[in-house]
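Following: one structure in structure tokens, then a few remarks.
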Amino acid sequence: MSEIPERQEVVELAKRRGYLYPSFEIYGGVSGFWDYGPLGTSLKNAIVGSWRDMYVVRHGYEEIETTTIGKEDVYEASGHADGFSDALASCPECGTFFRADHLVEDHTDIENADGMPKERLAEILADEGVPCPSCGATLDNARVEEFNLMFETNIGPGTARKGYLRPETAQGIFVDFQRLKRYYRESLPFGVTQVGRAYRNEINPRQGIVRLREFQQAELEYFKRPDDEIDVSPVEDVEVRLYPVEEQEDDDGEPFVTTVGEAVEDGVIESETIAYFVGRSQEWYESIGIDPDRLRFRQHLPDERAHYASDCWDGETLTTFGWIEVNGIADRADYDLRKHAEYSGEEMGVWQEYDEAVVREETVADPDMSVLGPEFGGAAGGIADALREKARDEPEAFEGDEVSVTVDGEAYTVSTDAAGFERREVRETGENVLPQVIEPSYGLDRIVYSVIEHSYDEDVIDDEERTVLRVPPKVAPFDAAVFPLVSKDGLEEHAREIEEKLRQAGMRVKYDGSGAIGRRYRRHDEIGTPLAVTVDYDTKEDGTVTLRDRDTTDQWRVEKDEIIEEIESVVEGDG
RNA sequence: GCACCGGUGGUCUAGUGGUAUGACAAGGGCCUUCCAAGCCCUUAACACGGGUUCGAAUCCCGUCCGGUGCACCA
């Protein structure tokens, strides 16, 4: 695999050749926003296409598209309105920002100050005489302000209805869950995917494209019964590098390579379903050009888990920014559906029939109020309630002719007939179950960047250094380049003809007739075009063209009519 | 957000107060029978705003962007 490149060179190439552009650069730009140029868009689309092929096509996890602006209620229920914001204290002396809740936790016995109102946090900071960790000044006049990572907006005129730009695509799937469960005819498990943009108003994003304020996610929400697990056997032999909590907490702990099957067997990954998606992710990353030596799956430490996650494994790639998170496979349990059920009052459970109906005996009382009313007057209502309770809890009390209950310290005796006591059989055929959610969620921008870095290579051809982007053909921005050997003697027309033929066959091709042939090969090496088709004088004679391979620079001749097949075999066969 | 350093054509770069150097790239032409060859021509920059000065890429202030450290990062 290729050497680790200089970040400068990669970023420079990405900008110069049309992969990535800083957004609104002519107005000075704003950090955290990047545009995709033509090649970047093509690469990203190819990566998304391959992701869809994996989940939507091969697994049947159908895709939906939901709005990027969400009503306030959605994010109150999801916990983002509270949990996604931090109270920041700024030192009046040096201006440095700190998490106010962390300062409070460090200097008092309070164990969880997250979620305390900012006024209270400021009070505690002042009362405890907490010093600024940076300059030592006392923080008794520190301003404590809520900083929510969600972008806010207003829906409609005025300020009555608040909306948020979604901080993750997931909630769109959860709030549509009732309709989705009907679509899937109420049968678990099923998966729903979504690809789209999400927004986080990061405090101070740096690291170029690695931390964005507007970014793209591809997410799968896999809904299952608590006991359902996906069988890992299709990926049991996939080798993965794992970095579990235990190894991270051990000073000598290191990530280790194992197979998905062994990881489940050894209990390293507790959830078989999570392990399955780790395996699928590993396969997918390798197929789009992530270097397996620079890929690992790291388990979240307990204190870094999101408010909704009970366990989480992050796919991480090693880049010049260090190890960066490119996806998370989180066990969200029933957190989201439970919260939306609670806040909306809607039923979010899925009816699950038991394998066999459960029959049990139930004891009930249906007191005859026309008897109790005249006999006990105002106390009748309370007596009836007490009888119902007693029928459920102590059915044996109804075995005689009379039954006694106590209401407000007063004992009453009622004839068993008037109590309307009954034993009956109840058949329970199933129950509403809140599905458990396993969420593999991919950060597309970081993946695109990682693919570029991992593909970037420099080698030497005929004593000349060249830059070559060794991206897998299936995600390369172009399938092939088409060149006339020289721009005269009618070679251009032949080349144009071939270009057109390839386009009509659905191939992404680029024609280039400018400069010497060697220069054009280098240009396309640099942007990762896997094949070049060169029209030369023999083409006029015998109808063959030269194909030239990006990685090896090998050349071979094929008939004009076989170009399409030949390109397809390279692109689909991955070289 | 703080501190320090930096920002000159697409890219890299020279330039310590007098309107910007060079290379590569790009476009046009000539040439060219397979890996950045050559010749001619062309396009193209002082991050933005303000100040000092007769005059600012150069000095000062603010902003933006980048790097590094601190802080933040579900």
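Reminder, nothing fancy here: chain letters follow the sequence lines and each chain counts from 1. Everything quoted here is computed from the prediction, not taken from an experiment. Note that these values count all heavy atoms, side chains included, but never hydrogens, waters or copies made by symmetry.
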Protein-nucleic acid N or O pairs under 3.5 Å, nucleotides 36-42 of chain B:
unit_1 : atom_1 : unit_2   : atom_2 : d
B/A36  : N7     : A/Arg522 : NH1    : 3.3
B/A37  : OP1    : A/Arg519 : NH2    : 2.6

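- The 12-atom threshold is exceeded at CD of A/Gln248, counting heavy atoms of other residues, nucleotides or ligands nearer than 6.0 Å.
- Side-chain contact between A/His454 and A/Leu295 is absent, with no heavy atoms from C-beta onward closer than 4.5 Å.
- Taking atom P on both nucleotides, B/U16 is separated from B/U58 by 12 Å, rounded to a whole Å.
- Protein atom CG of A/Leu39 is 18 Å distant from nucleotide atom P of B/G10, rounded to whole Å.
- B/G29 and B/G18 have their P atoms separated by 41 Å, with the value rounded to a whole Å.
- Side chains of A/Pro22 and A/Trp34 form a contact here, defined as non-hydrogen atoms less than 4.5 Å apart.
- The distance between atom CZ of A/Phe483 and atom P of B/C34, rounded to the nearest whole Å, is 15 Å.
- Looking at which nucleotide of RNA chain B each of A/Val486 and A/Glu12 is closest to, the 5′-most match is held by A/Glu12.
- Rounded to whole angstrom, the span from the CZ atom of A/Phe33 across to the P atom of B/C64 amounts to 14 Å.
- We find the CG-NE2 distance between A/Asp536 and A/His494 to be 10.5 Å, quoted to the nearest 0.5 Å.
- Contact check on A/Lys501 versus A/Asp561 returns a salt bridge, with a Lys/Arg side-chain nitrogen under 4.0 Å from an Asp/Glu carboxylate oxygen.
- For the pair A/Arg17 CZ and B/A26 C1', the computed distance is 10 Å after rounding to whole Å.
- Spacing of C1' atoms, B/G9 relative to B/A26, comes out at 11 Å, to the nearest Å.
- Counting non-hydrogen atoms of other residues, nucleotides and ligands closer than 6.0 Å to NZ of A/Lys71 gives a total of 12 or fewer.
- Considering only heavy atoms from C-beta on, A/Leu13 comes within 4.5 Å of A/Leu469 through its side chain.
- Closest approach to the A/Thr546 side chain among B/G27, B/C72, B/C34 is made by B/C34 (side chain taken as heavy atoms from C-beta onward).
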Between the protein and nucleotides 46-49 of chain B, which nitrogen or oxygen pairs come in under 3.5 angstrom?
none

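- Between the P atom of B/A45 and the CD atom of A/Glu25 lies a distance of 15 Å, rounded to the nearest Å.
- Within the 4.0 angstrom heavy-atom criterion, only backbone atoms of the sugar-phosphate kind lie near A/Ser514; the bases stay farther away.
- In this structure, the aromatic ring of A/Tyr537 is positioned over the six-membered ring of the base of B/U33, centres within 5.5 Å and planes within 30°.
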Interface polar pairs with nucleotides 66-69 of chain B, N/O, under 3.5 angstrom:
unit_1 : atom_1 : unit_2   : atom_2 : d
B/U68  : O4     : A/Arg206 : NH1    : 2.7
B/U68  : O4     : A/Arg206 : NH2    : 3.4
B/G69  : O6     : A/Arg206 : NH2    : 2.5

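- Side-chain atoms of A/Tyr36 and A/Val448, non-hydrogen and from C-beta on, do get closer than 4.5 Å to each other.
- Distance noted for atom C1' between B/U8 and B/G15: 9 Å (whole Å).
- Using a 4.0 Å cut-off between charged nitrogen and carboxylate oxygen, A/Arg496 and A/Glu499 count as a salt-bridge pair.
- Counting any heavy atom pair closer than 4.0 Å across all strands shown, A/Glu168 reaches no nucleic acid atom.
- The 12-atom threshold is exceeded at CD of A/Glu249, counting heavy atoms of other residues, nucleotides or ligands nearer than 6.0 Å.
- Heavy-atom distances to RNA chain B give each of A/Ser487 and A/Thr553 a nearest nucleotide, and the one nearer the 5′ end belongs to A/Ser487.
- A/Gln299 has its side chain within reach of A/Asp311: a pair of non-hydrogen atoms, C-beta onward, lies under 4.5 Å apart.
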Counting only pairs under 3.5 Å, give me each side-chain donor-acceptor contact of residues 323-333 of chain A, with atom names and distances, residues two or more places apart or in other chains.
unit_1   : atom_1 : unit_2   : atom_2 : d
A/Asn327 : OD1    : A/Tyr285 : OH     : 3.1
A/Asn327 : OD1    : A/Gly315 : N      : 3.0
A/Asp331 : OD1    : A/Ala333 : N      : 2.9
A/Asp331 : OD2    : A/Ser310 : OG     : 3.4
A/Arg332 : NE     : A/Asp336 : OD2    : 2.8
A/Arg332 : NH1    : A/Glu168 : OE1    : 3.3
A/Arg332 : NH1    : A/Glu439 : OE1    : 3.2
A/Arg332 : NH1    : A/Glu439 : OE2    : 2.6
A/Arg332 : NH2    : A/Glu168 : OE2    : 3.0
A/Arg332 : NH2    : A/Asp336 : OD1    : 3.1

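- A gap of 14 Å separates the C1' atoms of B/A25 and B/U42, to the nearest Å.
- Closest of all the heavy-atom pairs between A/Lys560 and A/Ile563 is O-CG1, 3.2 Å.
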Atom pairs and distances, side-chain donor-acceptor, residues 481-489 of chain A, under 3.5 Å, sequence neighbours left out:
unit_1   : atom_1 : unit_2   : atom_2 : d
A/Ser487 : OG     : A/Gly513 : O      : 2.8
A/Asp489 : OD2    : A/Tyr537 : OH     : 2.3

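- Side-chain contact between A/Val74 and A/Tyr164: absent, with no pair of heavy atoms (C-beta onward) separated by less than 4.5 Å.
- Of the candidates A/Arg16, A/Arg520, A/Arg466, A/Arg16 is the only one forming a salt bridge (charged side-chain N to carboxylate O under 4.0 Å, His left out) with A/Glu526.
- With P as the reference atom, B/A47 and B/C31 are 42 Å apart, rounded to whole Å.
- Whole-Å rounding puts the A/Asp512 CG to B/G27 P distance at 8 Å.
- Atom NZ in A/Lys15 sits roughly 11 Å away from atom C1' in B/G10 (whole-Å rounding).
- Remark: A/Lys488 is in phosphate contact with B/U32, judged by side-chain N or O atoms under 4.0 Å from OP1 or OP2.
- Put simply, CZ on A/Arg16 is 14 Å from C1' on B/G9, counting in whole angstrom units.
- B/A14 and B/A57 have their C1' atoms separated by 12 Å, with the value rounded to a whole Å.
- B/C5 and B/C59 have their P atoms separated by 13 Å, with the value rounded to a whole Å.
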(request) Could you summarise the pairing of RNA chain B as dot-bracket text, marking Watson-Crick and G-U pairs under 3.5 Å with ( ) or [ ] inside the strand and | across strands? (result) (((((((..(((.....[...))).(((((.......)))))....(((((..]....))))))))))))....
